[in-house]
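One structure is given here, and the rest of the page talks about it.
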There are 2 protein chains.
Amino acid sequence: MGAPDRGPQTSARKRADARRNEQSLLDAAAAAFLAAGVDVPVREIAVRAGVGVGTIYRHFPTRTDLVVAVYRHQVEAAAEAGPTLLAASDTPYAALTRWIDLFVDFLVTKHGLAEALQSDDAAFAALHAYFLDRLVPVCARLLDAAATAGEVRPDVAPYELLRGVGNLCIGAGRDPRYEARRLVELLIAGLRP
Amino acid sequence: MGAPDRGPQTSARKRADARRNEQSLLDAAAAAFLAAGVDVPVREIAVRAGVGVGTIYRHFPTRTDLVVAVYRHQVEAAAEAGPTLLAASDTPYAALTRWIDLFVDFLVTKHGLAEALQSDDAAFAALHAYFLDRLVPVCARLLDAAATAGEVRPDVAPYELLRGVGNLCIGAGRDPRYEARRLVELLIAGLRP
DNA sequence: AACAATACGGAACTTGGTTCCGTATCCAAT
DNA sequence: ATTGGATACGGAACCAAGTTCCGTATTGTT
């Protein structure tokens, strides 16, 4: 269980320059995503990292793999926050609400991440899958606890809820008239029995 | 008020071949969107219509304009259904629910339309604007009536609701585990005071 | 029938992801 | 310290997909 150990040495049996480059790439990509959104051209990331595009593709077979790698630890944090919140909150419903808030924060602060997650582009299937694999079980546990306590309707699938929330975050921050949080709140309110 | 008159003669003072081509293009595009989603390449539409790509761009300056043209009458239908439903339904809330249902049907049956609507791609801004211009007032009227009747909270912006619903429809039909309608229902349930 | 005006086709250009391969770098064995 | 082979690198080249351009064809009017 837990993350596949991303310690200081990202991969054990690799050449020193390769490890160095992988790290530069992760840093450069994170910066680029922040500055220009997840859709930033690969070439620009390569320039930022001071590396050729070929190098990107050797480390990350696809643009998406790079995106996944960059956000992996944040997804892990979200996943780990679930049980913590459940233990610390007064009621399961409160924990669920807080956890969803966390998830929304994560999505709306990364330009274009929510979009990418739901894109039908085959390249993003991996990203989608990763998020879901990691977060659906956490959401399921929270939802289950709340349902057992009679705080939410028992017929809501964690997968659907997560995707719904993710979808609502699309385009947030691009338009001041659209406040994703408010919509998510509405959706969560709709969970009550 | 109403549509800018798309009669049999799409534009009055044009050469006969131009009118013919514009119609072929609309038909071909509609078929292509249905078969391969709104993301179908322009070139394929050109082939289907038996026309060069240049011809597409003369009639529709941008891919998006073509999309707008194809869906225009369906958007009009949705817009016109609003007042009709309001008059025919028992309560404003019922009308709102039905109208939203209609909107969802529209979006989920067009592959990729919902995605395109929320895409941050500048090219789709026109599509987005068109939908909103036409539908926000209709939604506002329904929402207002329901709020006045005390059936929904009075603090929900029509624009936000519409975008929220649109967002929830993204990816519907691509994944059997995700039923957009169920999520929208949840969202609407969250509207109750 | 002939001439503008209008519209057409599709090659060429642009942008962005991905692949390929000749070259440079690393490191383990000597 | 040297060196040979494995490993990794850079970036030119390739493949879509949207869009532009312009020489050619069609239309309708005189």
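Quick note on labels: first sequence line is chain A, next is B, and so on, each numbered from 1.
- For the side chain to side chain donor-acceptor pair (under 3.5 Å) condition, no pair includes a residue of residues 183-193 of chain B, sequence neighbours left out.
- Under the rule for a salt bridge (charged side-chain N to carboxylate O under 4.0 Å, His left out), the partners of Asp17(A) that lie at least two apart in sequence or sit in another chain are Arg15(A).
- By the side-chain contact (heavy atoms from CB on, under 4.5 Å) test, Ala146(A) pairs with Pro92(A), Glu151(A), Val152(A), sequence neighbours left out.
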Name every donor-acceptor pair, under 3.5 Å, that has one atom in a side chain of residues 29-53 of chain B and the other anywhere in the protein, sequence neighbours excluded.
none

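- We find that CZ of Arg58(A) is positioned 14 Å from P of dC21(C), with the value rounded to whole Å.
- Between the CZ atom of Phe60(A) and the P atom of dG17(C) there is a distance of 16 Å, given to the nearest Å.
- A donor-acceptor contact shorter than 3.5 Å is absent between the side chain of Asn21(B) and the backbone of Ala18(B).
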Show which side-chain atoms of residues 158-169 of chain B pair as donor or acceptor with protein atoms under 3.5 Å away, not counting sequence neighbours.
{"from": "Tyr159(B)", "atom 1": "OH", "to": "Asp175(A)", "atom 2": "OD2", "distance (Å)": "2.0"}
{"from": "Tyr159(B)", "atom 1": "OH", "to": "Arg163(B)", "atom 2": "NH1", "distance (Å)": "3.3"}
{"from": "Glu160(B)", "atom 1": "OE1", "to": "Arg182(A)", "atom 2": "NE", "distance (Å)": "3.0"}
{"from": "Glu160(B)", "atom 1": "OE1", "to": "Arg182(A)", "atom 2": "NH2", "distance (Å)": "3.3"}
{"from": "Glu160(B)", "atom 1": "OE2", "to": "Glu179(A)", "atom 2": "N", "distance (Å)": "2.7"}
{"from": "Glu160(B)", "atom 1": "OE2", "to": "Arg182(A)", "atom 2": "NE", "distance (Å)": "3.3"}
{"from": "Glu160(B)", "atom 1": "OE2", "to": "Arg182(A)", "atom 2": "NH2", "distance (Å)": "2.8"}
{"from": "Arg163(B)", "atom 1": "NH2", "to": "Ile170(A)", "atom 2": "O", "distance (Å)": "3.3"}
{"from": "Asn167(B)", "atom 1": "ND2", "to": "Asn167(A)", "atom 2": "O", "distance (Å)": "3.1"}
{"from": "Asn167(B)", "atom 1": "ND2", "to": "Ile170(A)", "atom 2": "O", "distance (Å)": "3.1"}
{"from": "Asn167(B)", "atom 1": "ND2", "to": "Tyr178(A)", "atom 2": "OH", "distance (Å)": "3.2"}

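- Residues passing the salt bridge (charged side-chain N to carboxylate O under 4.0 Å, His left out) test with Asp155(A) are Arg153(A), sequence neighbours excluded.
- Using a cut-off of 4.0 Å between Lys/Arg side-chain N and Asp/Glu carboxylate O, Glu115(B) and Arg174(B) are scored as salt-bridged.
- Residue Asn21(A) has no polar side-chain atom (N or O) positioned under 4.0 Å from OP1 or OP2 of dA8(D).
- At least one side-chain nitrogen or oxygen of Thr62(B) sits closer than 4.0 Å to the OP1 or OP2 atom of dT19(D).
- Ring geometry for Phe106(A) against Phe131(A) counts as parallel: the plane angle stays under 30°, on a 0 to 90° scale with 60° as the upper cut.
- Taking atom OH of residue Tyr57(B) and atom P of nucleotide dA11(C), one finds them 16 Å apart after rounding to whole Å.
- The two atoms that bring Ala116(B) and Leu127(B) nearest to each other are CB-CD2, 4.1 Å, heavy atoms only.
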Please list, pair by pair, any protein nitrogen or oxygen found under 3.5 Å from a nitrogen or oxygen in nucleotides 14-17 of chain D.
{"from": "dA17(D)", "atom 1": "N7", "to": "Arg43(B)", "atom 2": "NH2", "distance (Å)": "3.1"}

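- Scanning for salt bridge (charged side-chain N to carboxylate O under 4.0 Å, His left out) contacts around Arg63(B) gives an empty result, with sequence neighbours left out.
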Pairs under 3.5 Å (N/O, protein and nucleotides 26-30 of chain D):
{"from": "dT26(D)", "atom 1": "O2", "to": "Arg15(B)", "atom 2": "NH1", "distance (Å)": "2.8"}
{"from": "dT26(D)", "atom 1": "O2", "to": "Arg15(B)", "atom 2": "NH2", "distance (Å)": "3.1"}
{"from": "dT27(D)", "atom 1": "O4'", "to": "Arg15(B)", "atom 2": "NE", "distance (Å)": "3.4"}
{"from": "dG28(D)", "atom 1": "OP1", "to": "Ala16(B)", "atom 2": "N", "distance (Å)": "3.2"}

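- Distances shown here put every side-chain N or O of Thr55(A) at or beyond 4.0 Å from the OP1 or OP2 atom of dA8(D).
- For the contact set between residues 47-54 of chain B and DNA chain C, defined by any heavy atom under 4.0 Å, the members are Gly50(B), Val51(B), Gly52(B), Val53(B), Gly54(B).
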Between the protein and nucleotides 1-3 of chain D, list every N/O to N/O distance that falls short of 3.5 Å.
none

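- Looking at Trp99(B), its side chain never comes within 3.5 Å of a backbone N or O of Pro83(B) through a donor-acceptor pair.
- With sequence neighbours excluded, no residue forms a salt bridge (charged side-chain N to carboxylate O under 4.0 Å, His left out) with Asp27(B).
- A straight line from NE2 of His59(B) to C1' of dT6(C) spans 11 Å, rounded to a whole angstrom.
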